[in-house]
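To start, the structure itself, in structure tokens.
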Amino acid sequence: RAPVRFDRHKVFRVKPQDETQAEVITHLAKTNELDFWYPDTIHHVAANMTVDFRVSEKESPSIQAALDQSKMHYEVLIHDLQEEIEKQFDVKED
Amino acid sequence: SPGRHSYAKYNNWDKIVAWTEKMVKKRPEMVSRIKIGSTIEDNPLYVLKIGKEHKGRKAIFMDCGIHAREWVSPAFCQWFVYQATKSYGKNKIMTKLLDQMNFYVLPVFNVDGYIWSWTQNRMWRKNRSKHHNSTCIGTDLNRNFDASWGASQSSHNPCKETYPGTAPESEKETAAVADFIRSHLESIKAYLTFHSYSQMLLFPYGYTSKLPPNYQELDKVAKIGAEALSSRYEAHYIYGPIASTIYPTSGSSLDWAYELGIKYTFAFELRDRGKFGFLLPESRIKPTCKETMLAVKFIAKYILRNAS
């Protein structure tokens with residue numbers, strides 16, 4: 001079995017400003033495969049909380065569009081997760 | 001040969017096993033390896049006991065790598081063992097600690113998951129247990145302890161990342177750790193568990209917003225621990241009870257150990273706060289471990305002096 005690759009998977013950091021925006025994330029989690037980094041499940045997402053999640057390349061555009069549409073504050077913490085996975089081994093020798 | 005182990009790099013499971021053997025051979029008077037159980041995939045669960053053989057000593061139990069993808073956590077446990085043994089006889093505080101107490105260090109709690117995160121899926125979190133009527137794999141070991149197990153909103157769907165298992169201690173890893181701690185309860189005065197991501201120093205409770213009876217003392221220790229963490233590289237750690245500081249959880253090892261009677265239980269969420277997340281570069285392992293060491297030494301000193 002080949003290892004899972006994360007080419008162009010993105011990690012979003014969003015901060016819902018109110019309950020309506022928190023609901024948007026809940027809805028996105030129902031319709032997309034979001035890997036929550038912080039908090040660890042959708043159940044803990046609340047207004048004014050910083051939320052980090054990973055999303056595949058395929059789902060990124062629709063997520064980004066939904067965040068834009070709801071005027072949610074967000075940033076893309078990681079643009080290409082696979083690149084970061086390879087970059088974590090940055091010590092050549094001890 | 002599994003290849004060369006390095007404290008400045010992430011080490012796969014084979015290297016960690018070989019390293020445990022090496023530590024015992026190198027310092028037999030101070031390090032011993034105890035097999036406390038095995039995993040569903042039949043990998044051994046090893047605890048390293050650091051300290052000299054004396055009965056009736058206080059002890060601290062530490063575990064790392066309960067969540068597979070949090071790689072800096074096992075790196076810290078290895079760093080701790082190395083520093084403790086290396087600085088014995090040279091560093092005044094560590095010498096005093098090891099002269100008077102023992103440390104039980106479980107360098108990788110979720111061995112199967114850790115191996116999976118190295119070989120198949122870097123983002124894997126749970127263990128690798130199979131479930132009836134589901135093709136989804138794995139249980140979140142930090143939801144599998146008998147502390148208000150299954151009570152939070154964490155789904156009972158095995159496909160979810162926080163699936164708590166079929167029952168408290170349903171997982172071999174959880175049962176092995178719980179049995180070991182129960183059988184050494186007389187000596188274990190503190191329980192420390194190391195996670196990564198978000199830079200926090202947490203204490204009970206996670207399953208309720210109620211504060212523990214010795215809240216003020218835990219808060220004081222955590223405050224100074226957080227100050228120690230920031231003293232070297234100015235890494236900002238926040239501290240407090242799990243439920244209000246991070247988010248509510250049920251079935252956590254920290255709450256379980258506390259309710260078992262270990263009155264000093266702390267969870268470290270190590271670096272970083274989101275820039276790298278679970279992919280902390282190896283070049284940050286050393287600073288992370290160095291600052292964490294300061295907090296652990298402070299807590300250990302406090303336990304030695306104050307825990308009864």
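Given the structure is predicted, the values throughout are model-derived calculations rather than measurements. Below, chains carry the letters A, B, ... as their sequence lines are ordered, and counting in each starts from 1.
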What part of [X] lies closer than 4.5 angstrom to a heavy atom of chain B: side chain, backbone, both or neither?
X	result
A:I85	both
A:F6	side chain
A:A46	neither
A:I42	neither

Check each atom of [X] against the heavy atoms of chain A and say whether the ones under 4.5 Å are side chain, backbone, both or neither.
X	answer
B:R125	side chain
B:L279	both
B:S283	both
B:I246	both

I'd like to know which of [options] tops the heavy-atom pair count under 4.5 Å against chain B.
options	value
A:R1, A:R5, A:R54, A:E84	A:R1
A:V4, A:D52, A:D40, A:L77	A:D40
A:K87, A:R13, A:Q88	A:Q88

Pair [X] + [Y]: ring centers closer than 6.0 Å:
X	Y	result
B:W71	B:Y10	yes
B:W13	B:H5	no
B:H131	B:Y163	yes

Any side-chain donor near an acceptor of the partner, A:Q82 and A:D7, under 3.5 Å: no
Plane angle bin for B:W256 and B:F145 - parallel if under 30°, tilted between 30 and 60°, otherwise perpendicular: tilted
Ring geometry between B:Y7 and B:Y82 (parallel below 30°, tilted from 30 to 60°, perpendicular above 60°): parallel
Geometric cation-pi criterion B:R128 and B:W116, 6.0 Å radius, 45° cone: yes
Salt bridge (Lys or Arg N to Asp or Glu O under 4.0 Å) between B:D140 and B:K126, worked out: CA-CA 5 Å; B:D140 184 340; B:K126 301 187 281 184; over 6 Å; no
